[in-house]
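Notes follow once the structure below has been shown.
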Amino acid sequence: MTAGNTARAWQRMLSGRRLDLLDPSPLDVEISDIAHGLARVARWNGQTSGDHAFSVAQHSLVVETIFRHLNRATPDEMLAALLHDAPEYVIGDMISPFKSVVGGDYKVVEKRLEAAIYRRFALPPHCSPELKDKIKKADTVSAYFEATLLAGFTPQEARKFFGQPRSITREMLPIEPMPAVEAQRLFLARFEAIEAERTAVRADA
C-alpha cells in the first residue's frame, strides 16, 4: 500500500515509463522494457536444467521460430508470435497448474496488457482466432521440447500434455538456456529484424 492506503496499480519501468496495470496505455509500452523483463522471467517456475533459467524471452524466440517453420507467415504475424507472451514482462509467467487454481480473473489484466502492447506496435489489439490457433500450436510444440529437454518430463508425459511434434526437431530451435543478457539481446535483434521486414512490406504496398 502507498500513503493513505491507496493501492498502487502501476509499475515504473527502467525506460522511465509508468505503466498502469488497470488501464495500460500503448504510449507507456517500450520494447526495451519488454525484452529486459521477459529475459528475467523464468519458464516452468525455474525448474529447468542448466546453468541459466530458461526465460520467457528465449521461449518467445523458440515459439516464433516454430511458427515460421509451420506457416507462410507475414511479418505482422511473426511479430504477433514473438510478442505472444509479452504481457508477462509485467505479470510474470504463471504456470498452467496455478492458473487452474486461481481462476480467470488475471486474464482481464493480461488481455488489457496484450491489447496495449499490440497497439503500440501497430498490430490489431488481439489476434484473430485463426492466428491465435497457429501461435498456440507453435507454443505447444515449444512446450513439448522444453518439457522433455529441460523440465524433466518423460516423452510419454510430454506427449500426453502437449502431443507429438511433427516436422520440428530440436536442432531447429535455440533451446539451450542462455544468460538473461543474451536472451534479451537476441529478442531485441529478432524484433528489429521483423520490424525491418514490416517496413519493407509497407514500402512495397
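Both backbone and side-chain heavy atoms feed into the values below; hydrogens, waters and symmetry mates do not.
- One finds the SG atom of Cys127 at 12.5 Å from the NZ atom of Lys136 (value rounded to the nearest 0.5 Å).
- Arg18 and Asp28 are not joined by a salt bridge, as no carboxylate oxygen comes within less than 4.0 angstrom of a charged side-chain nitrogen.
- Both Leu61 and Tyr89 belong to a common hydrophobic cluster when Ile, Leu, Val, Met, Phe, Trp and Tyr are linked at side-chain heavy-atom distances under 4.5 angstrom.
- The same ILVMFWY cluster, assembled from side-chain heavy atoms under 4.5 Å apart, contains both Leu82 and Tyr118.
- To the nearest 0.5 angstrom, Arg202 atom CZ is 5.5 Å from Arg198 atom CZ.
- Using cut-offs of 30° and 60° for the angle between ring planes, the Phe54 and His59 rings count as perpendicular.
- Contact of the Leu38 side chain with the Ser55 side chain is not registered, since no non-hydrogen atoms from C-beta on lie closer than 4.5 Å.
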Intermediate values then yes/no, side chain to side chain contact (heavy atoms under 4.5 Å, CB included), Leu19 and Leu113: CA-CA 10 Å; Leu19 186 67; Leu113 287 166; 3.8 Å; yes
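- Contact annotation: the side chain of Ile31 never approaches that of Glu195 to less than 4.5 Å [non-hydrogen atoms, C-beta and beyond].
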CA sep, side-chain torsions, deciding dist, call: Phe187, Leu83, side chain to side chain contact (heavy atoms under 4.5 Å, CB included): CA-CA 10 Å; Phe187 183 93; Leu83 296 175; 4.0 Å; yes
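- Residue Pro155 comes nearest to Thr148 through the heavy atom pair CA-CG2, 4.0 Å, listed as atom of the first residue, atom of the second, then distance.
- Summarising the local packing, CG of Asp133 is surrounded by more than 12 heavy atoms from other residues, nucleotides or ligands at distances under 6.0 Å.
- One distance of note links CD1 of Ile168 with OH of Tyr144; it measures 13.0 Å at 0.5 Å rounding.
- In this structure, the side chains of Leu131 and Asn71 stay at 4.5 Å or more apart for every pair of heavy atoms.
- A side-chain N or O of Ser15 and one of Asp33 form a donor-acceptor pair less than 3.5 Å apart.
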Chi angles and distances behind the side chain to side chain contact (heavy atoms under 4.5 Å, CB included) call for Glu176, His52: CA-CA 9 Å; Glu176 185 68 27; His52 305 284; over 6 Å; no
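- For Pro174 against Val62, the heavy-atom pair with the smallest separation is O-CG2, 3.6 Å.
- Checked against Lys137 for a side chain to side chain contact (heavy atoms under 4.5 Å, CB included), the options Val63, Ile66, Leu70 give a single hit: Leu70.
- In this structure the side chain of Pro24 never reaches within 4.5 angstrom of the side chain of Val29, judged on heavy atoms.
- Looking at Glu77, its side chain does come within 3.5 Å of a backbone N or O of Thr74 through a donor-acceptor pair.
- No salt bridge links Lys160 with Glu157; every basic N to acidic carboxylate O contact stays at or beyond 4.0 Å.
- A chain of hydrophobic side-chain contacts below 4.5 Å, direct or via other Ile, Leu, Val, Met, Phe, Trp or Tyr residues, connects Phe191 to Leu186.
- Neither Ile175 nor Phe67 shares a network with the other; the hydrophobic side chains, linked directly or stepwise wherever heavy atoms of I, L, V, M, F, W or Y lie under 4.5 Å apart, form separate groups for each.
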Derivation and outcome, side chain to side chain contact (heavy atoms under 4.5 Å, CB included), residues Arg43 and Val56: CA-CA 6 Å; Arg43 292 270 292 169; Val56 176; 4.2 Å; yes
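- In this structure, CD in Glu114 is found 10.0 Å from CG in Leu123, a value given to the nearest 0.5 Å.
- In plain terms, the two heavy atoms of Arg40 and Ala180 that are nearest each other are CG-CB, 4.1 Å.
- For Gln164, the CD atom counts as densely surrounded, since its 6.0 Å shell holds more than 12 non-hydrogen atoms of other residues, nucleotides or ligands.
- If you take CD on Gln58 and CD on Glu146, they are separated by 8.5 Å, rounding to the nearest 0.5 Å.
- Considering only heavy atoms from C-beta on, Gln184 comes within 4.5 Å of His36 through its side chain.
- Taking all atoms of both residues into account, the shortest heavy-atom contact from Ala147 to Phe162 is CB-CE1, 3.7 Å.
- Closest non-hydrogen pair, Leu22 versus Asp20, comes out as N-OD1, 2.9 Å.
- Two different hydrophobic clusters hold Trp10 and Met13 under the rule that ILVMFWY side chains link at heavy-atom gaps under 4.5 Å.
- Side-chain contact check for Lys132 versus His84: every heavy-atom pair is 4.5 Å or farther apart.
- Put simply, CG on Leu79 and CZ on Arg190 are 9.5 Å apart, with the number rounded to the nearest 0.5 Å.
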